[in-house]
Amino acid sequence: MNSLTPGNNISAVEITHISSNGIWMLTHHEELFMPYDDFPWFKDQNIKAILNVEEPRPGHFYWPDIDVDLDLEIIRHPERFPLQAKKHNANPESPADTAR
């Protein structure tokens, strides 16, 4: 008796926990934490939007409801990508402060 060829792995990526500090994602037997301080796009989103995550190719994750693309390198090391992983300052310094 032969087994059928297995289908696509539909659970390769899963959001396992959402808290007031960030979200946890399980992918390929590795759990990653994404704090809102480094990944602010998730903070004010509804649960359905956060849970709707896809992995279009290995190590690349996409949240279509909020149009966020992240790869493993950014998730593991957000400090290396400050322009992508930080909110822009809503109150920039005044010209007098920058002239010093």
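Computed from a predicted model, the values in this text were never measured in an experiment. Positions are given from 1, in the same order as the sequence printed here. Computation of the quantities below employed the complete heavy-atom set of this structure, encompassing side-chain atoms and omitting hydrogens, waters and symmetry-equivalent molecules.
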Tyr36 (side chain) donor-acceptor with Ser19 (main chain) under 3.5 angstrom: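 Yes; at least one donor-acceptor contact below 3.5 Å.
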For His77, ring pair (Phe, Tyr, Trp, His ring centres under 6.0 Å) partners two or more places apart: none
Quick one: ring pair (Phe, Tyr, Trp, His ring centres under 6.0 Å) partners of Phe61, sequence neighbours excluded?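 If we apply the ring pair (Phe, Tyr, Trp, His ring centres under 6.0 Å) test to Phe61, skipping adjacent residues, there are no hits.
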Tell me the salt bridge (charged side-chain N to carboxylate O under 4.0 Å, His left out) pairs involving [range], sequence neighbours left out?
| range | answer |
| --- | --- |
| residues 15-29 | none |
| residues 46-75 | Glu73-Arg80 |
| residues 23-36 | Glu30-Arg76 |

To the nearest 0.5 angstrom, please state how far the NZ atom of Lys43 sits from the CG atom of Asn21. 9.0 Å
How long is the span from the CG atom in Leu32 to the CG atom in Leu70, to the nearest 0.5 Å? 10.5 Å
Side chain to side chain contact (heavy atoms under 4.5 Å, CB included) involving Leu51 - partner list, sequence neighbours excluded: Ile15, Ile18, Ile47
Intermediate values then yes/no, side chain to side chain contact (heavy atoms under 4.5 Å, CB included), Thr16 and Met25: CA-CA 6 Å; Thr16 58; Met25 181 174 69; over 6 Å; no
Begin from the C-alpha positions of Val68 and Phe42 and carry the test side chain to side chain contact (heavy atoms under 4.5 Å, CB included) through to its verdict. CA-CA 9 Å; Val68 171; Phe42 299 108; 4.1 Å; yes
Assigning hydrophobic clusters by single linkage (Ile, Leu, Val, Met, Phe, Trp, Tyr; side-chain heavy-atom cutoff under 4.5 Å), is Tyr62 placed with Ile50? no
Please tell me if the side chains of Ile23 and Phe39 come closer than 4.5 Å, counting only heavy atoms from C-beta onward. no
Dump the intermediate steps for side chain to side chain contact (heavy atoms under 4.5 Å, CB included) on Glu14 and Val53, then the final yes or no. CA-CA 7 Å; Glu14 176 184 2; Val53 59; over 6 Å; no
Parallel, tilted or perpendicular, judged at 30° and 60°: which one describes the rings of Phe33 and Trp24? tilted
